[in-house]
Amino acid sequence: MKVMGINDIQNTPCARESILHGAGGSLVAGLVHFLATSRVKRSFDVGVAGFMLTTLGSWFYCRYNNAKLRVQQRMIQDGIKNKVIYEGTNLDPTQKKSGDQ
């Protein structure tokens, strides 16, 4: 399935959720504007704008959280790797030094 130039929405991180959030945002924005003003064409335009803003907002929020999670995972992996490398040596930070008692 191809939507907005994205070849595979199912396998693109955050794409499916962002489009679903955008659809909900457009429905809410258009319906609220229509109930407030009773102008059909303008409500449609507000719905399209709501779709764009909600989709982009959801996309950037999700991508930011994924990037933050990847950085945290990389830090944890490096810490585990260093623990394995330095365990039992003089450089092991978990071992008590003889003068630290």
Who clusters with [X]? Use side-chain heavy atoms, under 4.5 angstrom, across I, L, V, M, F, W and Y, and order the result by chain and number.
X: Y64; answer: none
X: V32; answer: V28
X: M75; answer: V71

**OP:** Please list all pairs passing the salt bridge (charged side-chain N to carboxylate O under 4.0 Å, His left out) test where one or both residues lie in residues 33-59, with sequence neighbours left out.
**Re:**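 Output for this query lists K41-D45.
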Original post:
Restricting to pairs with a member in residues 47-70, which pass salt bridge (charged side-chain N to carboxylate O under 4.0 Å, His left out), not counting sequence neighbours?
Top reply: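 Pairs touching residues 47-70 that pass the test: none.
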**OP:** Indicate the atoms forming the closest heavy-atom contact of N66 with P13, along with that distance.
**Re:**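 Where N66 meets P13 most closely, the heavy atoms are ND2-CB, 4.1 Å.
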Enter the distance from [X]:[atom1] to [Y]:[atom2] here, rounded to the nearest 0.5 Å.
X: L56; Y: F51; atom1: CG; atom2: CZ; value: 9.0 Å
X: D78; Y: K81; atom1: CG; atom2: NZ; value: 5.0 Å
X: H33; Y: L35; atom1: NE2; atom2: CG; value: 11.0 Å

Cut-off 3.5 Å, no hydrogens considered: what does the side-chain donor-acceptor table look like for residues 17-26, sequence neighbours left out?
unit_1: S18; atom_1: OG; unit_2: C14; atom_2: O; d: 2.7
unit_1: S18; atom_1: OG; unit_2: W59; atom_2: N; d: 3.2
unit_1: H21; atom_1: ND1; unit_2: E17; atom_2: O; d: 3.1
unit_1: H21; atom_1: ND1; unit_2: S58; atom_2: OG; d: 2.9
unit_1: S26; atom_1: OG; unit_2: G22; atom_2: O; d: 3.4
unit_1: S26; atom_1: OG; unit_2: A23; atom_2: O; d: 2.8

